[in-house]
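Here's the structure we're looking at; comments come further down.
Everything quoted here is computed from the prediction, not taken from an experiment. Sequential numbering from 1 along the given sequence is applied to the chain's residues.
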Amino acid sequence: MAAPGSRGRSLSGLLPAQTSLEYALLDAVTQQEKDSLVYQYLQKVDGWEQDLSVPEFPEGLEWLNTEEPISVYKDLCGKIVILDFFTYCCINCIHLLPDLHALEHTYSDKDGLLIIGVHSAKFPNEKVLDNIKSAVLRYNITHPVVNDADASLWQELEVSCWPTLVILGPRGNMLFSLIGEGHKDKLFLYTSIALKYYKDRGQIRDDKIGIKLYKDSLPPSPLLFPGKVTVDQVTNRLVIADTGHHRILVVWKNGQIQYSIGGPNPGRKDGIFSESTFNSPQGVAIMNNIIYVADTENHLIRKIDLEAERVSTVAGIGIQGTDKEGGAKGEQQPISSPWDVVFGTSGSEVQRGDILWIAMAGTHQIWALLLDSGKLPKKNELTKGTCLRFAGSGNEENRNNAYPHKAGFAQPSGLSLASEDPWSCLFVADSESSTVRTISLKDGAVKHLVGGERDPMNLFAFGDVDGVGINAKLQHPLGVTWDKKRNLLYVADSYNHKIKVVDPKTKNCTTLAGTGDTNNVTSSSFTESTFNEPGGLCIGENGQLLYVADTNNHQIKIMDLETKMVSVLPIFRSENAVVDGPFLVEKQKTLPRLPKSAPSIRLSPVTVCAGQTLQFKLRLDLPSGSKLTEGVPSCWFLRAEGNEWLLQGQMPSGDIENISSQPTISLQIPDDCLSLEAIVSVSVFLYYCSADSSACMMKAILFSQPLQITDTQQGCIAPVELRYVF
């Protein structure tokens, strides 16, 4: 189908009619009135002599999540299409994604709706397809995405900001535009009435678009987009925000996992470790066996008590807040996309870690959570639990000011504390202004350190230049850490794929490691090392080691500041299961054939709901005196034939090392369930010998567990015991 004649292609052509509609909607009271107004608007727009037609996608663009390039006038005829103009660094674009996910959950391409992400980069690094692929994975984008690296469609339509949504009718005719975040109600209203209007006219087609998800082509990885890392200075354990797996790992310095909390699917649940869930956690801080977590996409601050093995919420209400002042108790205070956390101390002379500083990326501010009663600079005494803004007006700016509330930040994403004199400040990685800033702990004054430029409104002063102060250039830095031993600040210069070092006394900024190439080199000198959008870093081993969350390489890298060598921290579950490197596949066990003699036990149905964790406890007894055969791994397998979606991202098999200490198998029900009934099977294979080792044999058993999945929130589910005596 050829593109029809156009009456001008910019979004400004919609402005008069849509503005009138939006004023009318302000006066509408009932849903019926609103629906009627939108329907009448569509009658008017659809009756124009010529359509306001969207341009065709230029040839040669790179596509993701689709089998082949999509054409507006060949493939999208008969569809309501939403074009999402976004750039993956933008916090407002990230805030919009849950609205789009919800819309996709409500309407599919068979209903006549398709969403297409039009990636229009701000930073040069964001034009690279591999980096967009990483973002598509990181944010679980499942609709088609086109890399419009030269922003040709953006320019033709005269789009002015990220994000912008453009809603198209079934002829490629532009119907609505929505600028910025926070328009979920209008998005659903406009989309639902557009589908109804054109269905009434027989113009909606239910044919499917060829979707091929990029994530389906990837093997598993021990870490997935780790965003931040910190060190427990007492025990030298590392705490890793395994962001893509929606979990927090506590690992020993050799990489062995001590605790894995949350994951593999996103969720929002407090409680014991096995039930707790997170949603794309970022910043982590640990002290005295307590970890605080910036649970970014849940808009929460969470507390992990390693001794009690429980997770609780200490700030946020679980939905994105717009309050830019704060002052309520933490669990009653709405917050927005916290990205990093670091301990601080109130006005007392004693160093006691009674403040949690928060990089609140969503409102472009720095906040504080009082962990005990105390004072902030130039503030009265505040009670324990208070959560409030400390610095930043909330305007997205690169504005320095002696008055902290008049300063402006642009998506602050990394924090580090230098409490000692003469520094006595917070260092802030201000990502969208491509700067590092300081906030005085004495009077709250916000000052420039390196990067950016003097115009506070210019958020495009980025680059990759070593230099002093404003002459140094960074590109979207996400992390900072203070080296107290050397009085130096290390910076994760994320979009330049480098680690830089800043002397705060001279403001000199130089490259410490990273060539700028993203090809993964796992062991090398600083000068030959590579990173891929590193998101966080921390100092350990008394200043000898710098740990880097090499986010898009799915690794924690170790920089030895004395030998100037870089290596990869292996992440492993037990002494014989080392996993070291990006997307390195642990050899998958092959499910053996069940012997005909193997008993098959069908269990009573269990009712579960999305997000819940179901546990199976093995309780198998061997003949008296028997022992498991050494060197032959006994094992279990989890299967869901015909409902494989249940097991995506979960551990499908494991070893049984000791019959007296049998494992518990966990199954987390996904948030998006494709069926309300399913059967999960647990197959167990035991290899054992008699007490005198005169005879060795294998026994197997199959347990079948019917599941009934409901939308109704269930209470805590008792573990299912899998008992059998051989």
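- Under the ring pair (Phe, Tyr, Trp, His ring centres under 6.0 Å) criterion, Y292 pairs with F343, sequence neighbours left out.
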Start with the C-alpha gap between V548 and I556, add the side-chain angles, then the distance that decides, and say whether side-chain contact (heavy atoms from CB on, under 4.5 Å) holds. CA-CA 6 Å; V548 179; I556 302 299; over 6 Å; no

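- The shortest non-hydrogen separation linking G327 to Q333 is N-OE1, 3.4 Å.
- The salt bridge (Lys or Arg N to Asp or Glu O under 4.0 Å) analysis of residues 456-468, with sequence neighbours excluded, yields the pairs D464-K498, D464-K500.
- What you find for P163 and N92 is that their closest heavy atoms are CD-CB, 3.6 Å.
- A donor-acceptor distance shorter than 3.5 angstrom exists from the side chain of S221 to the backbone of L223, with no hydrogens or angles considered.
- Atom OG of S431 and atom CD of Q475 lie 11.5 Å apart (nearest 0.5 Å).
- Here W367 and F390 keep their ring centres 6.0 angstrom or further from each other.
- Stacking of R247 on the aromatic ring of F278 is not recorded, the 6.0 Å distance cut-off and the 45° axial limit not both being met.
- Scanning all heavy atoms of the two residues, the minimum distance from N496 to G463 falls at ND2-O, 2.8 Å.
- Judged as a side-chain hydrogen bond (donor to acceptor under 3.5 Å, both in side chains), and not counting sequence neighbours, the contacts of D148 are S152.
- Under the side-chain hydrogen bond (donor to acceptor under 3.5 Å, both in side chains) criterion, H245 pairs with D242, sequence neighbours left out.
- Y88 has its ring centre less than 6.0 Å from the ring centre of Y495.
- The side-chain heavy atoms of K442 and D421, taken from C-beta on, include a pair separated by under 4.5 Å.
- Partners of R237 by side-chain hydrogen bond (donor to acceptor under 3.5 Å, both in side chains), not counting sequence neighbours, listed by chain and number: D232, T235, Q258, N289.
- Under the 6.0 Å cut-off for aromatic ring centres, H364 and F409 do not qualify, their centroids lying 6.0 Å or more apart.
- Considering NZ of K447 and CD1 of I439, their distance stands at 12.5 Å, rounded to 0.5 Å.
- When each of D430, T435, V491 is checked for a side chain to side chain contact (heavy atoms under 4.5 Å, CB included) with P477, only V491 meets the rule.
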Only pairs under 3.5 Å count here: list side-chain donor-acceptor contacts from residues 501-510, not counting sequence neighbours, and write none if there are none.
{"from": "D503", "atom 1": "OD1", "to": "K505", "atom 2": "N", "distance (Å)": "2.9"}
{"from": "T506", "atom 1": "OG1", "to": "N508", "atom 2": "N", "distance (Å)": "3.3"}
{"from": "K507", "atom 1": "NZ", "to": "H448", "atom 2": "O", "distance (Å)": "3.1"}

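- Under the 6.0 Å distance and 45° angle rule, K557 counts as a cation-pi partner of F531.
- There is a side-chain donor-acceptor pair under 3.5 Å between H497 and N125.
- In this structure, CD on E62 lies 5.0 Å from CG on N147, to the nearest 0.5 angstrom.
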